[in-house]
Amino acid sequence: MPENDPKKSLQMVKTLRLYSGTANRPLAEKIAQILGVELSGLALEKFANGEIYARFDETVRGADVFFIQSISGNVNDALMELLIATDAAKRASARTITAVITHYGYARQDRKAAPREPITARLVANLLERAGVDRVITLDLHQGQIQGFFDIPVNHLSALPLFGEYYNSLGFDTDNLVVVSPDVGRAKAAKKLSDMLDCSLAIAHKGRPRHNAAEVMGIIGDIEGKTCIINDDMIDTAGTLCASVRELKKMGAGDIYVCATHGIFSGPAIERLNDAPIVECVVTDSIPVEVGGKIKTITVANEFADAINAVYYEQSVSQLVGGDFAL
């Protein structure tokens with residue numbers, strides 16, 4: 001076969017390697033199954049003092065590496081796994097490294113809300129770039145402008161279409177349905193969901209006296225007697241959310257449904273949600289969640305698989321034409 005034969009070049013770029021950290025291997029396995037590939041070999045171990053060790057069990061020289069990790073659970077260990085595996089791939093001469101971050105930890109620290117505070121979401125972005133990540137694929141960042149913390153391409157996916165499809169399948173009376181934004185900052189996303197459901201929108205106005213605490217001060221919109229869907233990007237301890245649900249009930253809300261992209265569920269969150277006056281709480285599997293009671297999950301595996309396919313295709317085209325090609 002001639003040196004410049006296109007078929008030979010095409011064979012050279014068929015080098016997708018899919019790896020997973022320990023934070024959300026079930027989702028990684030679903031993505032691998034959809035893509036029709038196997039999760040490749042990556043040894044992740046801990047020394048006795050807690051230090052993390054990573055080593056690839058196969059060559060990644062010239063490969064397009066996709067590393068799937070949720071920065072959740074033991075957040076710092078999950079982040080270090082991602083950074084250390086990236087460094088290992090870089091030093092093993094991987095052609096490209098894409099961090100598939102199903103939940104971007106530290107995203108709530110995206111600005112200085114008070115003097116002498118860090119902007120840790122930016123610090124994480126700097127660490128990922130410094131380690132050698134060439135591209136990030138992630139889902140529903142706490143604030144979309146976090147993409148601007150990166151000097152590399154970021155594919156920002158959204159779970160809103162999945163929630164829209166799910167609630168449309170339940171056959172609600174749209175004249176008696178309202179999507180409630182839990183705060184002003186979430187209003188834009190709530191408006192998108194209300195458009196998908198062809199229903200009205202309400203916005204809760206609340207104050208936040210301290211972290212993981214909030215007080216509903218009032219509501220903009222009509223919720224009295226209506227079925228309410230509260231949409232948020234994440235649920236941590238669920239204390240704020242459950243307090244908001246009870247306030248909405250006092251204001252005359254009908255049945256209340258809750259959905260969020262990332263079910264962090266720290267501490268007593270699941271117990272609180274099961275005790276709250278809601279019909280159900282639906283989250284994605286961006287973070288592993290124990291299903292039961294009022295907690296349900298929908299998968300984002302297809303969305304991530306499609307994004308990985310698109311990125312890999314563009315990277316392959318880039319190699320064939322010998323130029324830079326970014327989504």
Side-chain angles (χ1 to χ4, degrees), residues 16-21 23-24 27-28 31 35 63-72 75 78-87 89-90 94-112 118-162 185-186 188-189 192 232-234 260-262 264 284-287 300-319 323-327:
L16 185 151
R17 295 285 188 272
L18 195 67
Y19 299 95
S20 172
N24 197 350
L27 177 57
I31 295 170
L35 291 173
D64 293 310
V65 170
F66 293 82
F67 187 76
I68 301 170
Q69 180 72 311
S70 174
I71 304 178
S72 61
V75 175
L79 177 58
M80 287 305 298
E81 278 186 9
L82 176 55
L83 295 172
I84 293 169
T86 297
D87 186 67
K90 194 75 173 178
R95 189 173 78 91
T96 63
I97 303 169
T98 300
V100 184
I101 304 175
T102 61
H103 170 66
Y104 189 91
Y106 288 106
R108 283 173 286 186
Q109 299 179 46
D110 60 352
R111 70 196 190 286
K112 287 188 68 173
I119 304 179
T120 317
R122 173 60 188 267
L123 173 62
V124 171
N126 291 343
L127 290 170
L128 290 168
E129 289 188 33
R130 184 63 179 170
V133 170
D134 298 297
R135 180 187 293 268
V136 170
I137 300 174
T138 191
L139 176 71
D140 281 338
L141 292 166
H142 187 59
Q143 295 292 341
Q145 57 264 33
I146 291 175
Q147 297 172 77
F149 292 168
F150 290 89
D151 291 322
I152 57 176
V154 176
N155 292 65
H156 188 203
L157 311 181
S158 173
L160 283 178
L162 292 176
R186 190 67 183 171
K188 187 176 181 180
K192 289 180 180 179
D232 212 342
D233 65 312
M234 66 176 70
T261 303
H262 307 293
I264 300 174
T284 76
D285 57 352
S286 65
I287 297 172
V300 287
N302 283 296
E303 284 63 33
F304 278 107
D306 288 346
I308 291 171
N309 252 332
V311 168
Y312 179 57
Y313 172 77
E314 299 298 350
Q315 289 171 341
S316 299
V317 170
S318 174
Q319 185 176 10
D324 293 329
F325 203 106
L327 285 176

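Looking at His262 and Ser286, their side chains do bring a donor and an acceptor atom within 3.5 Å of each other.
Note that the OH atom of Tyr312 and the OG1 atom of Thr96 stand 9.0 Å from one another [nearest 0.5 Å]. Here the CG atom belonging to Leu139 is positioned 12.0 Å from the CG atom belonging to Asn155, to the nearest 0.5 angstrom. Annotation: the span from Leu82 atom CG to Ser70 atom OG amounts to 10.5 Å, rounded to 0.5 Å. Rounded to the nearest 0.5 angstrom, Asp140 CG and Asp233 CG are separated by 7.0 Å. Taken to the nearest 0.5 Å, the CZ atom of Arg122 stands 14.0 Å off from the NZ atom of Lys112.
No side-chain heavy atom of Gln147 sits less than 4.5 Å from a side-chain heavy atom of Thr138. For the pair Met234 and Arg108, the minimum side-chain heavy-atom distance is below 4.5 Å. Within the 4.5 Å cutoff, side-chain heavy atoms of Ile31 are placed close to those of Leu27. Looking at heavy atoms from C-beta onward, Leu83 lies in side-chain contact with Leu128 at the 4.5 angstrom threshold. Between Val100 and Phe304, some side-chain heavy-atom pair lies under the 4.5 Å cut-off. Side chains of Asn24 and Ile68 form no contact here, defined as non-hydrogen atoms less than 4.5 Å apart. Inter-residue side-chain proximity for Ile137 and Ile308 is flagged as met; some heavy-atom pair is nearer than 4.5 Å. The shortest side-chain heavy-atom distance between Asp64 and Phe66 falls under the 4.5 Å cut-off.
Minimum heavy-atom separation, Ser72 to His103: CB-CD2, 4.0 Å. Taking all atoms of both residues into account, the shortest heavy-atom contact from Val136 to Val133 is CG2-CG1, 4.0 Å. For the pair Ala159 and Thr261, the tightest heavy-atom approach, listed with the atom from each and the gap, is CB-OG1, 3.7 Å. The two residues Asn126 and Phe149 have their closest heavy-atom pair at OD1-O, 4.4 Å. Counting all heavy atoms, side chain and backbone alike, Leu35 lies closest to Ala305 at CD2-O, 3.5 Å. The minimum heavy-atom distance between Ile97 and Gly132, with the atom names listed, is CD1-O, 3.8 Å.
In terms of the side chain to side chain donor-acceptor pair (under 3.5 Å) criterion, Thr98 has no residue partners (sequence neighbours excluded). For Tyr19, the ring pair (Phe, Tyr, Trp, His ring centres under 6.0 Å) partners are Phe56, not counting sequence neighbours.
In this structure, the side chain of Asp285 engages the main chain of Val300 through a donor-acceptor pair within 3.5 Å. A donor-acceptor pair under 3.5 Å is absent between the side-chain atoms of His156 and the main chain of Gly144, judged by distance alone. Under the 3.5 Å distance criterion, the side-chain polar atoms of Gln69 are matched with a main-chain donor or acceptor of Ala78. Although no hydrogens or angles enter the test, the distance criterion places a donor-acceptor pair under 3.5 Å between the side chain of Tyr104 and the main chain of Ala121. At least one donor-acceptor pair under 3.5 Å links the side chain of Glu129 to the backbone N or O of Asp151.
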Output, in order, the C-alpha distance, side-chain angles, deciding distance and verdict of side chain to side chain contact (heavy atoms under 4.5 Å, CB included) for Thr86 and Arg130. CA-CA 10 Å; Thr86 297; Arg130 184 63 179 170; over 6 Å; no
